Amino acid sequence: MASESVDGNCDAWAARDPSGVLSPYKFSRRAVQSGDVSLKITHCGVCYADVIWTQNRHNDSKYPLVPGHEIAGVVTEVGSDVKGFKVGDHVGVGTYVNSCRDCENCNSSLENHCPKSVYTFNGIDTDGTVTKGGYSTHIVVHERYCFKIPDGYPLAKAAPLLCAGITVYTPMMRHNMNQPGKSLGVIGLGGLGHMAVKFGKAFGLKVTVFSTSESKRDEAINLLGADNFVISSNTQQMESLKNSLHFIVDTASGDHPFDPYLSLLKVGGVMAIVCFPSEINVHPASLNLGARTLSGSIVGGTKDIQEMVNFCAANKIYPEIEIIKIDYINEALTRLVNRDVKYRFVIDIENSFK
């Protein structure tokens, strides 16, 4: 049960109305139940979802709203039935904190597709309370929705894996984009796109970044290790790549055409979209003539999340982050809207509430 209280047990920052402006807030987290893990939050990534719901862009925001669903921290208490975690473990919590645990999707470790999946913030939990996210000092979740962060992996860099990382990792694995020597296109170079590039290089792919901004060329090639950089509005550059890519991961959130990108795929190629443009217009020939696939995806199930975190630790894959304190969050959200971040803000929660 989470409830607002002047002397609540959890410090946080919350938005009170669609202005989206956040300010200090106090509320109470539920007591630890038999299957629960309580963690002290040390870091929380800043995702565009935080902008969407603090500003009520989907007309379903429940105020006061505490955002944040890229959570990393340290276990402080475990319930009597918890087997997988102990006090002191480094752990993460992602975009959802509950599901029915009994449907076909839950039984297949696809809890993210459960019809009763509960979002980490602004969701209605099974007890009827509104969930509150990681812009706060601690969180209590059932152990099923908690993930071990291997020793030595920095908690600040682990946080963005729980949304940005898993969002691109899931479709890449589903469509076998881990075949060394094959070619990958990544559309957009933000929080999600830069992780797709990192995974692509770790899988041994030849990676081409597509962007509208020439200013990102140097970092795409020299920081992230991309093999090629293309300005998507340059018709000549796009034309030269027709029928050359095995895979494309589309992370570009704004409205954009799809046919020009689909034409870049080889026969049987796959384009996975992890973004939410207002609409998708595709000429049937773009798919039919090359036997191509246009596929959607959203975050990942519990098994995939743990696998992805372990893969990042084993291969030393780290998001590029800018660490901030919570009192900078309103400026950070404005910068995020203006695409002025390389490539993920992470809030230092531990040192923000002292």
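Just so we're clear, the structure is a prediction, and the values are computed from it rather than from any experiment.
For V74, the side chain to side chain contact (heavy atoms under 4.5 Å, CB included) partners at least two apart in sequence or on another chain are T42, H90, L155. With sequence neighbours excluded, the residues satisfying ring-ring contact (aromatic ring centres under 6.0 Å, His included) with H69 are F121. With sequence neighbours excluded, no residue satisfies ring-ring contact (aromatic ring centres under 6.0 Å, His included) with F229. Taking D340 as the reference, R335 meet the side chain to side chain contact (heavy atoms under 4.5 Å, CB included) condition, with sequence neighbours excluded. For R144, the salt bridge (charged side-chain N to carboxylate O under 4.0 Å, His left out) partners two or more places apart in sequence, or in a different chain, are E111. Residues forming a side chain to side chain contact (heavy atoms under 4.5 Å, CB included) with I280 (at least two apart in sequence, or on another chain): F258, I273, P277, V282, L294. Not counting sequence neighbours, K303 has no partner by the salt bridge (charged side-chain N to carboxylate O under 4.0 Å, His left out) test. The side chain to side chain contact (heavy atoms under 4.5 Å, CB included) check on A252 picks up I187, D250, H256, with sequence neighbours excluded.
Heavy-atom minimum distance, C146 versus V37: SG-CG1, 4.1 Å. Residue T170 comes nearest to S297 through the heavy atom pair CG2-OG, 4.0 Å, listed as atom of the first residue, atom of the second, then distance. Considering all non-hydrogen atoms of both residues, A15 and Y63 come closest at O-CD2, 3.2 Å. Here the shortest heavy-atom pairing between E143 and G84 reads OE1-N, 3.2 Å. Closest approach of C312 and L161 over heavy atoms only: SG-CD2, 3.8 Å. When all heavy atoms are compared, the tightest approach of F345 to A332 is CE1-O, 3.3 Å.
The CG atom of L65 sits 8.0 Å away from atom CG of L22, with the distance rounded to the nearest 0.5 Å. For the atom pair NE2 of H246 and CG of N176, the computed distance is 12.5 Å after rounding to the nearest 0.5 Å. Distance check: T212 OG1 to I231 CD1 gives 7.0 Å after rounding to the nearest 0.5 Å. Here the CG-CZ distance, from D304 to F147, works out to 10.0 Å after rounding to the nearest 0.5 Å. Distance check: L189 CG to R339 CZ gives 11.5 Å after rounding to the nearest 0.5 Å. The distance from atom CG of L184 to atom CE of M172, rounded to the nearest 0.5 Å, is 5.0 Å.
Side-chain contact check for L162 versus I71: every heavy-atom pair is 4.5 Å or farther apart. Between N56 and N59 the shortest side-chain heavy-atom distance falls below 4.5 Å. With contacts defined as side-chain heavy-atom distances shorter than 4.5 Å, the pair L39/I139 qualifies. Side chains of I166 and N112 form no contact here, defined as non-hydrogen atoms less than 4.5 Å apart. Between I321 and K157, the closest side-chain pair of non-hydrogen atoms falls below 4.5 Å. Two residues are said to be in side-chain contact when any heavy atoms from C-beta on lie closer than 4.5 Å; M177 and K182 fail this criterion. When side chains are defined from C-beta on, I41 counts as touching S136, because their heavy atoms get closer than 4.5 Å. A heavy-atom distance below 4.5 Å is not found between the side chains of V46 and V341.
One hydrophobic cluster, built from ILVMFWY side chains closer than 4.5 Å, cannot hold both V21 and L333; they sit in different ones. By the criterion of side-chain heavy atoms lying less than 4.5 angstrom apart, applied directly or through intervening Ile, Leu, Val, Met, Phe, Trp or Tyr residues, V299 is grouped together with F276 in one hydrophobic cluster. Placement of V346 and M195 in two distinct hydrophobic clusters is found when ILVMFWY residues are connected by side-chain heavy-atom separations under 4.5 Å, directly or transitively. V32 and Y145 end up in different hydrophobic clusters when Ile, Leu, Val, Met, Phe, Trp and Tyr side chains are linked at under 4.5 Å. A continuous path of ILVMFWY side-chain contacts below 4.5 Å connects V197 to Y318, so both sit in one hydrophobic cluster.
Checked by atom type and distance alone, the side chain of R29 pairs as donor or acceptor with a backbone atom of H138 at under 3.5 Å. For S99 (side chain) and K116 (main-chain N/O), no donor-acceptor pair under 3.5 Å exists by modelled atom type. When atom types are taken as modelled, the side chain of R292 and the backbone of L264 share no donor-acceptor pair closer than 3.5 angstrom. Checked by atom type and distance alone, the side chain of T54 pairs as donor or acceptor with a backbone atom of V51 at under 3.5 Å. No donor-acceptor distance shorter than 3.5 angstrom exists from the side chain of S61 to the backbone of R57, with no hydrogens or angles considered. Put simply, the side chain of T137 never gets that close to the backbone of C10: no donor and acceptor are under 3.5 Å apart. The closest donor-acceptor contact from the side chain of T131 to the backbone of G123 lies under 3.5 Å. With hydrogens and angles disregarded, no donor-acceptor distance shorter than 3.5 Å links the side chain of S352 to the backbone of K325. At distances below 3.5 Å, at least one donor-acceptor pair connects side-chain atoms of D50 with backbone N or O atoms of C47. Looking only at distances, a side-chain donor or acceptor of N107 sits under 3.5 Å from a matching main-chain atom of D102.
One side chain, D259 or S286, offers a donor N or O that lies under 3.5 Å from an acceptor on the other. S211 and S213 form no side-chain donor-acceptor contact under 3.5 Å, judged by distance and modelled atom types alone. Residues S295 and H175 bring a donor and an acceptor atom of their side chains to less than 3.5 Å of each other.
At most 12 non-hydrogen atoms from other residues, nucleotides or ligands lie less than 6.0 angstrom from NZ of K342. Heavy atoms from other residues, nucleotides or ligands lying under 6.0 Å from CD of Q236 number 12 at most. Enclosure of atom OH in Y328 by more than 12 non-hydrogen atoms of other residues, nucleotides or ligands within 6.0 angstrom is indicated. The environment of D151 atom CG is sparse: at most 12 non-hydrogen atoms of other residues, nucleotides or ligands sit within 6.0 angstrom.
Clustering of Ile, Leu, Val, Met, Phe, Trp and Tyr side chains at separations under 4.5 Å leaves L110 isolated, with no partner residue.
When each of K216, E322, E219 is checked for a side chain to side chain donor-acceptor pair (under 3.5 Å) with Y343, only E219 meets the rule. Of the candidates I324, I323, D327, I324 is the only one forming a side-chain contact (heavy atoms from CB on, under 4.5 Å) with I347.
Among pairs with a residue in residues 197-223, those fulfilling ring-ring contact (aromatic ring centres under 6.0 Å, His included) read Y169-F199, F203-F311, F210-Y261, at least two apart in sequence or across chains. Listed by first then second residue, pairs satisfying side chain to side chain donor-acceptor pair (under 3.5 Å) with a partner in residues 270-279 read D255-S278, E279-N281, not counting sequence neighbours. Sorted by first and then second residue, the side chain to side chain donor-acceptor pair (under 3.5 Å) pairs with a member in residues 186-199 read K198-E320; sequence neighbours excluded.
For D36 and R30, the salt-bridge test passes: some basic side-chain N is under 4.0 Å from an acidic carboxylate O.
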